[in-house]
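Chain letters run A, B, ... following the sequence lines, proteins first and then strands; every chain starts at 1.
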Number of protein chains: 2
Amino acid sequence: MARRSRSNPLALAILCLLQERERHPYDLVATLKNRHKHESIRLNYGSVYSVVDRLEADGLIEAVRSEQDGNRPPRTVYGLTESGKDELVDWLSTLLSTPRREYTHFTAALSLLPSLPPADAVALLRTRLAAIERQLAEDDAGEEFAGRELGLPRLFLIEAHYEHALRRTERDFVAALIDDIEHKDMEGIGLWTHFHESGFSVPPNALPPTNGVWRELDESVRERTGNRPGDDRFRGASSTQPLATPT
Amino acid sequence: MARRSRSNPLALAILCLLQERERHPYDLVATLKNRHKHESIRLNYGSVYSVVDRLEADGLIEAVRSEQDGNRPPRTVYGLTESGKDELVDWLSTLLSTPRREYTHFTAALSLLPSLPPADAVALLRTRLAAIERQLAEDDAGEEFAGRELGLPRLFLIEAHYEHALRRTERDFVAALIDDIEHKDMEGIGLWTHFHESGFSVPPNALPPTNGVWRELDESVRERTGNRPGDDRFRGASSTQPLATPT
DNA sequence: TGACGAATACTCGATTCAGAGTATTTGATA
DNA sequence: TATCAAATACTCTGAATCGAGTATTCGTCA
């Protein structure tokens, strides 16, 4: 059998819940929300039903019975199969033992930061910093609540603690970044400022070739040189005609 | 016009590149890889072409001309429109200023940790820890290289520095977690161990009601009580018949 | 000079997903 | 007792995504 996709951790969460006992789809959703798993795993109805179908098609879960309450739509109750149990252990083990590249929106935004003028960037990062501080305070209050009021053991809050630690790192990083930009305490800021002030909206390729930041990167990173796309000096020496008809 | 989806940061990256100058799709891909943006933004061919189509349909970019080199497939060169420029600034500003929930595979895995026996969890986390340490060492070497050999300003490596900081946090967290589990230095570990040893693969609902962790959570978090799905005491009091025909 | 691998430049189809929409029931309120 | 909001339990559709596949050309090395 071709390897399953494993791209959506919701499928893994479902396997875990079905390991506890049999459940119908709506019960899965309700339980996940109840346990606040939707804060660490993307969850919505459409996904649940299609993921359940896929798991069933792959033989990892199976319908064990159908229930009906009055006139409501019948509910199909699912249980874990043997190979489902195997997949659960293997998948979860891989996720835990092997770091993989994680893509986040904020990292993406940081990598595009030079596309905004430095002053704007600082203002926006300040707004973010304030929001993070608020969130950190809420985290503390929430932990207080879970620990004291609910008596919820730390074991069941591991992911919340981890996210809290990440958030603190984010706060420190953003604060330091703001400082560095403001005090021009970072290589490249002169260029950044200059190019936005002089009306070129983008730094790298506006540089004369000899100082071209990206050019140097291109040269060093690639074994061979040449006038190729991706090389920022690329200007298309091929035949060019105006585009006549749009699609 | 209905608000654009903004779920795929690749579209934002493309807007940023087109702000620099006009490019054709393959040039976009090559440039993104060249600048190592594919390490912070998920990138593959299929996505690029469909994202470009979408951006064009939304009027954020437009085809400016078509080039052809000998017998190769013609290349359509795109440029940024005025509303594209607006969207770029607005989208990037939002990403920077407003924290949003970020879903990662590792956080998902942590939230499902109790589904494995504690001893297994510790072993897997140790493997991860070693991999993170290796990665951290590579980060240092890579930074050395970029800074010294390439003279690449820190401004263009912000995202790499941020990921490095996150990785250090992850290392510390994982190391501490291993310790806590091993020294049973965490509330809930007794139960966790017990339930895996006694053959119940899952802790929460195996508890007697009076000590039920999730039950208490359910009670406290929800305003009302009752025998409903998602409540872990739920056992389906409705009519039940065996499932006759599978689909 | 001819063969082969790497790079160029996409195309296509099969999943996968998000989220809006639908219909029923329960419980609180007026 | 009628009504209305909230909760229950999905269904459907169109969009987004992924990755494999295709076809051409260039450079290099025997």
Side-chain angles (χ1 to χ4, degrees), chain A residues 2-11 14 23-34 38 41-55 57-58 66-78 103 222-231 234 236-238 247, chain B residues 2-11 14 23-34 38 41-55 57-58 66-78 103 222-231 234 236-238 247:
Chain A
R3 180 130 251 87
R4 277 180 44 79
S5 129
R6 290 191 175 174
S7 66
N8 190 354
L10 177 57
I14 289 175
R23 295 170 188 275
H24 55 86
Y26 189 83
D27 188 10
L28 290 169
V29 174
T31 307
L32 286 171
K33 285 198 174 154
N34 226 344
H38 62 297
I41 297 168
R42 196 177 274 113
L43 171 68
N44 57 51
Y45 280 106
S47 304
V48 172
Y49 288 94
S50 62
V51 164
V52 163
D53 286 350
R54 193 89 260 279
L55 289 172
D58 289 348
S66 175
E67 296 177 345
Q68 186 147 20
D69 234 0
N71 224 1
R72 291 195 181 179
R75 306 181 293 204
T76 306
V77 177
Y78 294 90
Y103 297 92
R222 304 173 140 237
E223 271 74 56
R224 285 168 286 164
T225 56
N227 193 357
R228 305 213 291 303
D231 182 333
F234 177 73
S238 51
T247 348
Chain B
R3 181 131 250 89
R4 275 180 45 80
S5 130
R6 289 190 176 176
S7 66
N8 190 354
L10 177 58
I14 289 175
R23 295 171 189 274
H24 55 87
Y26 189 83
D27 188 11
L28 290 168
V29 174
T31 307
L32 287 171
K33 286 196 175 155
N34 225 344
H38 62 298
I41 297 168
R42 197 176 273 114
L43 171 68
N44 57 49
Y45 280 107
S47 304
V48 171
Y49 288 94
S50 63
V51 164
V52 163
D53 286 351
R54 192 92 260 280
L55 288 172
D58 290 348
S66 175
E67 297 176 346
Q68 187 146 17
D69 234 0
N71 224 2
R72 292 197 180 175
R75 307 180 293 204
T76 306
V77 177
Y78 294 89
Y103 297 92
R222 304 174 140 237
E223 270 76 54
R224 285 166 286 164
T225 56
N227 194 358
R228 304 213 292 301
D231 182 332
F234 176 72
S238 51
T247 350

Please check the phosphate of [N] (OP1 and OP2 only) for any side-chain N or O of [X] closer than 4.0 Å.
{"X": "Ser7(A)", "N": "dC17(C)", "answer": "yes"}
{"X": "His24(A)", "N": "dC10(D)", "answer": "yes"}
{"X": "Arg42(B)", "N": "dC18(D)", "answer": "yes"}
{"X": "Arg75(B)", "N": "dC10(C)", "answer": "no"}
{"X": "Tyr26(B)", "N": "dC10(C)", "answer": "no"}
{"X": "Ser50(A)", "N": "dC12(D)", "answer": "no"}
{"X": "Asn8(B)", "N": "dA16(D)", "answer": "no"}

Round to a whole Å and report the spacing from [atom1] of [X] to [atom2] of [N].
{"X": "Arg4(A)", "N": "dA14(C)", "atom1": "CZ", "atom2": "P", "answer": "19 Å"}
{"X": "His38(A)", "N": "dA18(C)", "atom1": "NE2", "atom2": "P", "answer": "15 Å"}
{"X": "Lys33(A)", "N": "dT8(D)", "atom1": "NZ", "atom2": "P", "answer": "10 Å"}

Among dT16(C), dT11(D), dA9(C), the one nearest Tyr49(B) by side-chain distance:
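Ranking dT16(C), dT11(D), dA9(C) by closest atom to the Tyr49(B) side chain puts dA9(C) first.
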
From the options dA18(C), dC18(D), dA20(C), select the nucleotide whose nearest atom is closest to the side chain of Asn44(B).
dC18(D)

Using a 3.5 Å distance criterion without hydrogens, assess whether the side chain of Asn44(B) forms a donor-acceptor pair with backbone atoms of Ser47(B).
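Yes; at least one donor-acceptor contact below 3.5 Å.
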
Side chains of Val48(B) and Leu32(B): does their closest heavy-atom pair fall under 4.5 Å?
no

